[in-house]
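Have a look at the structure below, then the notes.
Indexing begins at 1, ligand by ligand and atom by atom, following the structure's order. Numbering of residues begins at 1 and proceeds along the displayed sequence. Keep in mind that what you see is a predicted model, and the values were worked out from it rather than measured.
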Amino acid sequence: MTTANKKLSSARLTQPTNKFVEEFTASVQFDQRMFRQDIRGSIAHATMLAEVKVLTNDERDQIIAGLQQIEQEIENDEFEWSIAQEDVHMNIEARLISLIGEVGKKLHTGRSRNDQVATDVRLYLRDMIEPINHQLSRLQEALLNVAEREADTIMPGFTHLQTAQPVTFGHHMMAWYEMLVRDAERLDDCAKRVDSMPLGAAALAGTTFPIDREVTAKLLGFERICQNSLDAVSDRDFAIEFNSFASILMMHLSRFSEELIIWSSAQFDFVDLGDAFCTGSSIMPQKKNPDVPELIRGKTSRVYGNMFNLLTLMKNQPLAYNKDNQEDKEPLFDTIDTLLGSLRVYADMMGAITVKADNMRQAALRGYATATDLADYLVRKGTPFRDAHEVVGLSVAYGIKHKKDLSELSLEELQQFSAHIEQDVFEVLTLEGSVAARDHLGGTAPNQVRKAIQKARTNR
Ligand code: ARG
């Protein structure tokens with residue numbers, strides 16, 4: 001990065017910018033990643049200007065050829081970025097002028113960096129929503145596959161992290177899946193508001209040139225056009241909305257991670273995350289640490305931080321553009337990068353997970369997971385639920401005292417607590433009986449899990 005070039009925007013100023021101020025106010029270090037969008041926006045702008053006769057066709061063609069060459073230079077890492085040119089927009093414009101001369105100076109007619117940068121950020125985010133969607137969909141697919149494979153696998157379901165009732169692992173995976181369906185919907189919804197074009201707002205009030213914003217919007221593939229020039233250059237709520245989608249999604253990934261971390265501990269030992277997704281310890285030879293889920297749980301805080309960053313950035317800004325807005329990029333880019341990386345690694349990791357069905361089953365057998373089933377059984381035999389609840393409470397206390405699960409108590413032992421208990425009780429006291437009995441929409445029965453998977457696949 002050099003600092004040598006002559007500035008494009010400083011004729012009014014008599015003193016040169018303080019060197020440190022120049023560096024301090026520059027954004028090219030981080031906004032250069034929008035070079036493709038900046039060039040695409042400029043090509044559309046020049047094409048529109050020629051269409052409304054502000055540029056000749058020849059001028060337009062020279063500008064477009066110059067911009068295309070610059071894009072190549074940047075792609076090939078031959079472009080010399082300059083701090084003195086402040087940002088991606090001025091760097092490209094300065095290079096255009098040095099490449100094609102006088103005609104290059106006409107590109108910025110009827111435009112300002114204010115509507116240019118707002119357009120670039122929207123284009124960039126729009127371009128990134130696609131790969132994010134793709135990674136999200138890969139993760140959903142991975143979850144469906146695990147759910148399908150483990151539709152019959154029984155684990156203890158928890159409330160308060162205490163054994164509650166048996167559930168199927170497939171059902172648990174489909175709970176995660178449901179959260180991601182809502183995340184995908186939120187992303188789709190946010191994408192609509194990202195897809196609105198600020199270009200044409202110029203600095204803040206519009207321009208005196210006879211621009212045609214419909215033409216530019218069409219060239220750039222924008223669904224909508226920002227309807228008010230002041231709002232167009234200063235609105236960043238599309239970025240905040242994206243970050244709130246991202247925060248909720250990361251919150252979900254963080255919850256999943258918390259479960260994976262617990263499940264892969266020696267105490268639970270429900271899953272194996274695969275060596276490729278874990279690391280060892282530099283001192284303790286026995287360790288296999290769940291680094292990936294831990295790191296995702298940690299990275300969730302970055303995305304929340306970015307959310308707060310953007311909200312706070314906007315809360316005191318009067319209309320229209322303020323230089324504060326330059327600070328929107330780093331949090332937004334960081335959220336995009338974090339999300340893309342987290343989703344990608346999660347999809348890969350869930351594709352490689354192995355489930356330790358025996359351990360889950362053993363755990364479900366401890367902790368009286370079928371106690372509610374016994375209560376429901378008694379209700380079906382005519383006992384009011386509150387009474388049934390008490391009978392089962394006493395049975396569990398007896399079981400704990402004699403170190404036996406409910407299913408291990410004899411009929412005689414159970415009958416001490418209720419005369420309504422008969423031989424058929426053992427069907428409901430098994431784990432399989434318990435999960436299979438919850439056979440309705442949204443229930444944990446393997447049958448319902450398979451239906452849910454099928455429904456999910458047809459809706460995809
Ligand atoms: N680098 C600036 C930003 O990111 C571009 C817009 C600057 N406009 C201005 N009037 N100083 O916001």
Side-chain angles (χ1 to χ4, degrees), residues 1-3 5-13 15-18 20-42 45 67 70 74 79 81-97 107-128 194 196-207 226 229-240 242-243 306 309-336:
M1 193 124 14
T2 66
T3 54
N5 293 335
K6 180 178 166 292
K7 280 204 198 339
L8 289 181
S9 61
S10 58
R12 181 204 179 284
L13 310 176
Q15 303 287 321
T17 321
N18 170 303
F20 182 65
V21 170
E22 193 167 87
E23 241 184 270
F24 185 76
T25 53
S27 56
V28 63
Q29 310 89 312
F30 50 83
D31 67 16
Q32 55 178 268
R33 68 154 84 187
M34 305 192 300
F35 76 91
R36 290 191 190 87
Q37 291 73 21
D38 193 70
I39 288 173
R40 212 191 303 159
S42 289
H45 181 65
L67 288 168
I70 293 170
I74 302 173
F79 189 89
W81 296 100
S82 144
I83 291 275
Q85 296 301 349
E86 194 178 322
D87 54 27
V88 62
H89 327 290
M90 306 279 256
N91 266 270
I92 291 175
E93 195 182 331
R95 176 66 185 142
L96 182 70
I97 294 165
L107 170 64
H108 211 51
T109 312
R111 172 177 92 164
S112 152
R113 267 188 301 156
N114 297 351
D115 59 343
Q116 189 178 357
V117 69
T119 303
D120 288 4
V121 175
R122 284 172 184 268
L123 283 174
Y124 183 80
L125 182 52
R126 211 179 64 180
D127 287 349
M128 298 314 282
V194 173
S196 192
M197 186 191 74
L199 208 59
L204 76 163
T207 170
C226 299
S229 64
L230 294 166
D231 180 45
V233 289
S234 58
D235 164 34
R236 296 292 182 274
D237 39 86
F238 68 91
I240 296 175
F242 172 79
N243 212 117
N306 293 337
N309 188 334
L310 289 170
L311 280 169
T312 314
L313 175 67
M314 296 312 293
K315 76 181 271 291
N316 289 352
Q317 287 195 50
L319 292 178
Y321 177 87
N322 301 282
K323 183 75 168 176
D324 312 40
N325 280 340
Q326 183 165 290
E327 288 288 309
D328 64 353
K329 287 164 209 63
E330 287 165 292
L332 180 62
F333 296 163
D334 185 68
T335 290
I336 293 171

Completion exercise
The residue among Arg113, Arg33, Lys329 that forms salt bridge (charged side-chain N to carboxylate O under 4.0 Å, His left out) with Asp87 is Arg113
Problem - Sub-4.0 Å atoms of ligand 1 with respect to non-hydrogen atoms of Lys329 - result: 3 (C), 4 (O), 12 (O)
Practice task
Check each atom of ligand 1 against the heavy atoms of Gln326 and keep those under 4.0 Å away; list them by number with element.
Solution key: 1 (N), 2 (C), 3 (C), 4 (O), 12 (O)
Handout entry: Derivation of the side-chain hydrogen bond (donor to acceptor under 3.5 Å, both in side chains) call for Asn309 and Glu327
Key = CA-CA 9 Å; Asn309 188 334; Glu327 288 288 309; 5.9 Å; no
Handout entry: Asn325 and Gln317: side chain donor to acceptor below 3.5 Å
Key = yes
Problem - Side-chain H-bond candidate by donor/acceptor type, Gln37 with Asp127, under 3.5 Å - result: yes
Handout entry: Over 12 non-hydrogen atoms of neighbours within 6.0 angstrom of NZ in Lys323
Key = yes
Exercise for the section: Give yes if a backbone or side-chain nitrogen or oxygen of Ser27 is under 3.5 Å from a nitrogen or oxygen of ligand 1, and no if not. Expected result: yes
Handout entry: Geometric N/O contact Asp87 with ligand 1, under 3.5 angstrom
Key = yes
Problem - For atom 9 (C) of ligand 1, the protein heavy atom that lies nearest, with its residue and separation - result: Asn114 OD1, 3.4 Å
Completion exercise
The protein heavy atom nearest to atom 12 (O) of ligand 1 is Tyr321 OH, 2.4 Å
Problem - Candidate with minimal heavy-atom separation from atom 11 (N) of ligand 1, of Gln116, Arg113, His89, Met90 - result: Arg113
Problem - Donor-acceptor under 3.5 Å (Asp115 side chain, Ala202 main chain) - result: yes
